[in-house]
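Read the structure below first, then the notes.
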Amino acid sequence: MNVIKFENEEQIGVAAGYYMCGQVLQKPDSVLGLATGSTPVKAYKHMIELYNQKAVDFSKVTTFNLDEYVNLDVRDRNSYHTFMYENLFDHINIPDRNINFLDGNAPDLEEECRAYERRIKRAGGIDIQLLGIGSNGHIAFNEPADSFQRWSHVVELKESTIKDNSRFFDNIEEVPTRAVTMGIGSIMQAKKILIIALGEHKAKAIKQLIDGNVTPSCPASVLQFHTDVTLMLDKGAASLI
Ligand code: PGA
């Protein structure tokens, strides 16, 4: 694993923005796997800056987002759709038809998950998957469990994740308790993986990801088996390694 420590979040945003845009410069029709949460915000900000400087063109890019809440209106301010449009898609030129999300309101969620995998495959697979990591070691909504879930699936969120995410909602009761998420296999098939972690509350999960046992009780640990992983860490997230 390529572990890079940075002074602060701002620097990581610049480095991660360049990393993602570098992929698009090398391959204009890249397929990008994208993430939500506080972690990638600065990376998206820098991708927008590079686009505004005309350094990069996203018109041939395809995106797949990692996850979405179940039964939350896509127009809700807390949906991952809303997050992605506000933080990235509204500001760059990825055609709407090239933007893919799991639909948490699909009538048949299992079929929706299978169809999402087919869409990723048809697009030629993901070139770079951007990931955050949960304080409990989750990646996307692959929560700690007794076994790894391979492909996209429906998940019951853990109490710790509901608590972590409640900061975006008016109160904890409003946080959806289910989500649809890419699986560990979907993520591991990406050609490259870029993980960003910010803050001391991620330090334990980062330590386990780097040198702990590979176990579904820390889903991120499986990334030890991927051959092209870059970790960008701030001082807090790197404090135990
Ligand atoms: P965060 O979430 O970016 O809001 O910390 C990351 C994650 O849970 O994957």
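Along the sequence shown, the residues carry numbers beginning at 1. Ligands are counted one by one from 1 in listed order, and the atoms in each one are counted from 1 as well.
- For D29, the salt bridge (charged side-chain N to carboxylate O under 4.0 Å, His left out) test picks out no residue, with sequence neighbours left out.
- Among all non-hydrogen protein atoms, the one lying nearest atom 2 (O) of ligand 1 is K202 NZ, 4.1 Å.
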Donor-acceptor contacts, no H, no angles, side chain residues 205-212, under 3.5 Å, sequence neighbours left out:
none

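- Judged purely by distance below 3.5 Å, without hydrogens or angles, the side chains of S152 and E117 pair a donor atom with an acceptor atom.
- Side-chain N or O atoms of D234 include one that pairs as donor or acceptor with a backbone N or O of G199 at under 3.5 Å.
- For ligand 1, the atoms sitting less than 4.0 Å from at least one non-hydrogen atom of G37 are 3 (O), 4 (O), numbered in the order shown with element in parentheses.
- In terms of polar-atom proximity, defined here as any N/O pair under 3.5 Å, H138 does make such a contact with ligand 1.
- A salt bridge (Lys or Arg N to Asp or Glu O under 4.0 Å) with R114 holds for exactly one of E112, E111, E110; it is E111.
- Atom 4 (O) of ligand 1 has as its closest protein heavy atom R167 NH2, 2.8 Å.
- Below 3.5 Å of separation, one finds no N or O of T36 facing any N or O of ligand 1.
- What sits closest to atom 6 (C) of ligand 1 on the protein, heavy atoms only, is I133 O, 3.7 Å.
- Contacts of L198 with ligand 1, taken as heavy-atom pairs under 4.0 Å, are absent altogether.
- Side-chain contact annotation: Y116 with N65, donor-acceptor N/O pair under 3.5 Å absent.
- Of the protein's non-hydrogen atoms, T39 OG1, 3.5 Å is the one closest to atom 1 (P) of ligand 1.
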